[in-house]
Each structure stands twice: as structure tokens, then as C-alpha cells.
Amino acid sequence: MKLNMLKKSNKLKIVVKFLNLKFFLLIIFLATYIFKHAFSEENYIVNIVNNIPITKVDIHNRAKLISISINQNSKIKNIENYYNQSLQTLINEKVILSAGKKINKNLTSIVSNKANQMLLAEFENSKLKLDQFLKKYSISKSALLEKHIAQLIWGIVLRDKYKIQFSKIEKNIEQTLESNKYRNNEDLYDLAEIVINKNNNNILLKKINFALKDGANFLEIAKQISISGSSKFNGKIGWNNFQNLPEHIKNISTIRGFGKGKGINEGEIFTFPDKDKIKIIKVLAKRQKGKLSKKEDIILLAQIKFPINFQKRNIAYEKIKNKLDILLSNKNNCDVLKVFEKENIENLDLKVIKSRIADLSPKLDNIIENINFFEISKPIFIGNNGYTYVKCDKKEAKLDKINYEKLKKSIRNKYFLIYSEKLIKRLKNDANILLIEKIR
């Protein structure tokens, strides 16, 4: 009897082990299938541009960067709205890369060190801050580097294609100096632009407009989104007199009845179609009869980023504000904040901002406008973090003697924008762009 029970028990154990093994194998099979299925859904080739593939992941990552600049987050519902703009930007970059290979097949490797330096500069030359950004948004470093590499190669391609034109820059310096003489008494407008494709971009346009109305930084959005060559300069297209303004802006000025640009204001944003593109142009600063604008003054700010965690927002802010108030009392500079950052246990992050007032976001400009030096500003909250600002120094803009090197750079930039638009159109028309699969 006991022997029979023992045999039955052993058989039962064998059956259980067999079932466990089958269950284990089934789990492995299902996990493998799900992984493969998920991966096939997640990544696939969308386009091939001159034999260079663009994948769904490439588009997703670039759209993620756009979402971060507009929405301050990378939620999937936002990311999908930017796939079209992301794809068009990547197509332009692949066209640029293939043009660069014709000049030198190793051009990407040659510019990679410079591209890494440019990327690191965006994060205050802090590898730690770069790594934190990559980890926070689950994005690869290569996705950030691609844009810088393309911009560097594009500069080389343009200089190669327009050697004769660029060689005439020195001669144009004297002409520019002459033209600047009469500009001392005329109105001038410092402009920046965001350029997007016209087709299938209504949602993107609405998102950009909403972000700008909410006080987002125009130049930061231009840097990440614009498909114009001006994105290399954060969207800036330089100073223009009334005659050189876009026709749309001149027409609006006329309709308003103010004559030559009198009704065009600093900070104003104009949106209008231009062939197959939509242009969003901001008047960063305006000089009336050559007189410098207050918006051209240089401001030095300390930005203190603090975590909210499980506190109420106002409590987290008041706690930091009280400590900063004590620290900055009777101080005539912000150097003490650097010491505070090193020694603090509040996980604060200090960033020094030196900028023209015209280049700040409207939200930040409004916050600092009515505070005194070494006074803590009201907070801005984004996600789990708060940001407060301290006005450390301010320098009035001055019309200095003409800086020849600065002038040369300005002229090169104007040529860059003119030739960039011409060449990218020609290269795209000549490119072999194949649609493999629509984005889903």
C-alpha cells in the first residue's frame, strides 16, 4: 500500500515538473514572440534617402525633442503630432549627409568631435547634465548629435558649392559699412523665424502658437523645429530695415495705417504662408531712428532649479526662497550662490544665464522685470521641478565701433541663409527619396 502511494507520489512529481517545464517554455516562447512583435511594431524603415534609411525610431526620437521644446514633456500623445515635421527635418539632414559624402566620405567622422563639443555646450559643458537629460527622456546621444553633425557638414557643403560667392565677402564689407551710415537714422528690426512645412502641419502650428502664447522661448523652439538654415542660429535672421521686411509684415503695417513700420512692435509675432512653407516671425527688438532698444540690454541671471517631490508647490518654493533670501541679504553679487550650490543638500541646480533681454522668453522677461537685484523671483513650475531667478547684473547696450570680425560673421550668416534655401531645394529635387512604409 505504502509502495503504491510512493509510486503515485513520484509520478505526480514528474507530471508537475513536466507541466512546470512546459509552462516555462511557453513563457519564453510568448516573451520572445511579444518582444519580436513589439520591436517590429516599434521600428521599421519609413524612407530611404540616397541609400540612407530613416526609421520609425529616428522619427520618434526627433519628434520627442520637438515635444520637449514645445510641451516641456515627451508624452506619446504629443510626440505623434510632430512625426511629419520630424520626418521632413530628417530628410533634409540625410540629403545634407549624402552631399557631404561626395566631398569627403569621412566627413561625418571629421566633424564628430566639434559636434560633441556643440552638444555638450547646450548642457553648460556638463557631461552629468547631458547624461541626466538622456536618462530622463530615454533618448540616445546619437539622436542629439545628428542635428549638430548635419549643421557642420552643411556649412562645408555650402562653402564648397559657393566658393566664388563666399570669396567676395571681403569686398562686400566696405559696401555694408557704407550702407550702415544711413541706417543711423532709420528704424531697424531684429527678426527671428520658425519655418515649418505647410502640408499636414496644422496640429504642429497650433501647438507652436499655443506654446508661444504661453510664454515659451521662441529661439529654443526655432532651434529644435525650424527647417530653415536659420535654425543653426536659433532662428535669428538679423537686423532689417523696413524695405527688407517680409511683404506680409509690411502689408500689415500699411493696413494699420502707421506707414513705414510704425505699427510693428517689439515682441510681436507674425504667421503667414510662403509657398510650400509656413513662416512664424518674431520681432525680437526694434531700433527707432537707429536708437538702441532697452531690449538689447544684457542681463545676467542665476536660475535655481529645485525639486518639488512630494511637497506642495508653494511650500517647496517658500522653503528655497527663505534660504536664498538669507544667503543674498546685503550682497552685491551672486557669487555666493555657487558656494551654496556645492554645499547644499536640497538637490538644487544652478545655471547662469547671460542674455539680451530680447532673447529671453516672455514668461521669464515678465518675471524678472519687476524684481530688484539679488531678489528672488516668483517661481515657474515644470513637471516635478520649480525654477526661480535672481537678477545679478545688467549692462546697457551700446553702439560700439564697428567690429570687422563680427560684421564678417554677420554677412557670412546672411549668405548662409540665402544659399542654404537655394541649395537644399536643388539637392532634394535631385535626391532619390523612397517611401518604404507610412508611419503608424
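- Between the side chain of N104 and the backbone N or O of G100 there is no donor-acceptor pair closer than 3.5 Å.
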N/O donor to acceptor pairs below 3.5 angstrom from side-chain atoms of residues 205-222, sequence neighbours left out:
residue, atom, partner, partner atom, Å
K207, NZ, N78, OD1, 3.1
N209, ND2, L205, O, 3.3
N217, OD1, L219, N, 2.9
N217, OD1, E220, N, 3.1
N217, ND2, D359, O, 3.2
E220, OE1, K223, NZ, 3.4

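- The shortest side-chain heavy-atom distance between L130 and K141 falls under the 4.5 Å cut-off.
- Annotation: side chain of L360 is in contact with side chain of I299 (closest heavy-atom distance under 4.5 Å).
- In this structure, T89 contributes its side chain and Q85 its backbone to a donor-acceptor pair below 3.5 Å.
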Applying side-chain contact (heavy atoms from CB on, under 4.5 Å) to L97 and I153, what does each step give before you reach the verdict? CA-CA 7 Å; L97 292 178; I153 290 177; 3.5 Å; yes
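- Sparse packing is recorded around NZ of K394, with 12 or fewer heavy atoms of other residues, nucleotides or ligands lying under 6.0 Å away.
- A salt bridge links E93 with R62: at least one charged nitrogen is closer than 4.0 Å to a carboxylate oxygen.
- Side-chain atoms of Q311 come within 3.5 Å of backbone atoms of I308 as a donor-acceptor pair (strictly under, hydrogens ignored).
- With D297 contributing its side chain and A397 its backbone, the two residues share a donor-acceptor pair below 3.5 Å.
- Contact record, I149 with A115: CG1-CB, 3.6 Å, taken as the closest heavy-atom pair.
- In this model, no donor atom of one side chain and acceptor atom of the other lie less than 3.5 Å apart for K286 and N265.
- A perpendicular orientation is assigned to the rings of F416 and F233, their planes being inclined by more than 60° (bins at 30° and 60°).
- Counting only heavy atoms from C-beta outward, the side chains of N50 and K94 never approach each other to under 4.5 Å.
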One pair to check against side-chain hydrogen bond (donor to acceptor under 3.5 Å, both in side chains): N92 and K428. What are the steps and the verdict? CA-CA 7 Å; N92 284 356; K428 282 181 74 174; 3.2 Å; yes
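- The side-chain heavy atoms of V111 and I156, taken from C-beta on, include a pair separated by under 4.5 Å.
- Aromatic rings from F133 and F123 are positioned such that their centres are separated by under 6.0 Å.
- Side chain of Q72 to main chain of G383: no donor-acceptor pair is present (N/O by atom type, distance under 3.5 Å, no hydrogens or angles).
- For the 3.5 Å distance criterion, the side chains of N244 and N241 qualify, holding a donor opposite an acceptor.
- Rounding to the nearest 0.5 Å places CD1 of I278 at 11.0 Å from CZ of F272.
- Contact check for N47 versus I59: no side-chain heavy atoms found under the 4.5 Å cut-off.
- E421 CD: 12 or fewer foreign heavy atoms inside a 6.0 Å radius.
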May I have the step-by-step check of side-chain contact (heavy atoms from CB on, under 4.5 Å) for V49 and S98, ending in yes or no? CA-CA 8 Å; V49 182; S98 59; 5.6 Å; no
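- Counting only heavy atoms from C-beta outward, the side chains of Y415 and L158 never approach each other to under 4.5 Å.
- Checking K398, R287, R356 one by one against E296, the side-chain hydrogen bond (donor to acceptor under 3.5 Å, both in side chains) holds for a single residue, R287.
- When all heavy atoms of L337 and A302 are compared, the closest pair comes out as CD1-CB, 3.6 Å.
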side-chain contact (heavy atoms from CB on, under 4.5 Å) between T388 and I367, intermediate numbers included: CA-CA 9 Å; T388 186; I367 283 176; over 6 Å; no
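- Residues K294 and I357 share a closest heavy-atom pair of O-CD1, 3.9 Å.
- Geometric assessment of K305 against the ring of Y387 yields a negative cation-pi assignment under the 6.0 Å and 45° thresholds.
- Counted within 6.0 Å of NZ on K161, heavy atoms from surrounding residues, nucleotides or ligands total 12 or fewer; the atom is thus considered open.
- For K331, the NZ atom is densely surrounded, since the number of other residues' heavy atoms within 6.0 Å is greater than 12.
- Atom CD1 of I103 is surrounded by more than 12 heavy atoms from other residues, nucleotides or ligands within 6.0 Å.
- Salt-bridge formation is not detected for the pair K295/D190: no Lys NZ or Arg NE/NH1/NH2 atom is positioned less than 4.0 Å from an Asp or Glu carboxylate oxygen.
- Checking each of I380, I371, I304, I376 against Y389 for a side-chain contact (heavy atoms from CB on, under 4.5 Å) leaves exactly one that passes, namely I380.
- Residues I79 and S74 share a closest heavy-atom pair of CD1-O, 3.1 Å.
- No donor-acceptor contact under 3.5 angstrom links the side chains of N413 and K232, judged on distance only.
- For the atom pair NZ (K277) and CG (D274), the distance works out to 8.5 Å, reported to the nearest 0.5 Å.
- The structure places CG of N234 at 11.0 Å from CD1 of I194, a figure rounded to the nearest 0.5 Å.
- Taking a 6.0 Å sphere around CD1 of I76, one finds it holds more than 12 heavy atoms contributed by other residues, nucleotides or ligands.
- The existence of a salt bridge linking E247 and K250 is confirmed by a sub-4.0 Å separation between a basic side-chain nitrogen and an acidic carboxylate oxygen.
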Could you walk me through whether N84 and N197 pass the side-chain hydrogen bond (donor to acceptor under 3.5 Å, both in side chains) test, one step at a time? CA-CA 9 Å; N84 181 52; N197 285 303; over 6 Å; no
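- Shown here for K56 and N43, the closest heavy-atom pair between the two residues is N-OD1, 3.6 Å.
- L90 places a side-chain heavy atom less than 4.5 Å from the side chain of E146.
- With 3.5 Å as the limit, one finds a donor-acceptor pair spanning the side chains of N384 and N309.
- Here D131 does not pair with K135 in a salt bridge; the nearest charged N to carboxylate O distance is not below 4.0 Å.
- By the 4.5 Å heavy-atom criterion applied to side chains, L245 and I264 are counted as neighbours.
- Interatomic distance, CD of E193 versus CD1 of I237, reported as 4.5 Å (0.5 Å rounding).
- No more than 12 heavy atoms of other residues, nucleotides or ligands sit less than 6.0 Å from atom CG of N51.
- With S67 contributing its side chain and A63 its backbone, the two residues share no donor-acceptor pair below 3.5 Å.
- Checking S226 against S228 by side-chain atom types alone, no donor-acceptor pair falls below 3.5 Å.
- Residues K129 and E124 come closest through the heavy atom pair NZ-OE2, 3.1 Å.
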Do Y82 and K64 pass the side-chain contact (heavy atoms from CB on, under 4.5 Å) test, and can you show the C-alpha distance, the side-chain angles, and the key distance before you say yes or no? CA-CA 8 Å; Y82 308 131; K64 187 182 287 188; over 6 Å; no
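- We find the CG-CD1 distance between D58 and I45 to be 9.5 Å, quoted to the nearest 0.5 Å.
- Ring pair F306/F381 is perpendicular by interplanar angle, where above 60° counts as perpendicular and below 30° as parallel.
- To the nearest 0.5 Å, atom NZ of residue K236 and atom CG of residue L284 are 6.5 Å apart.
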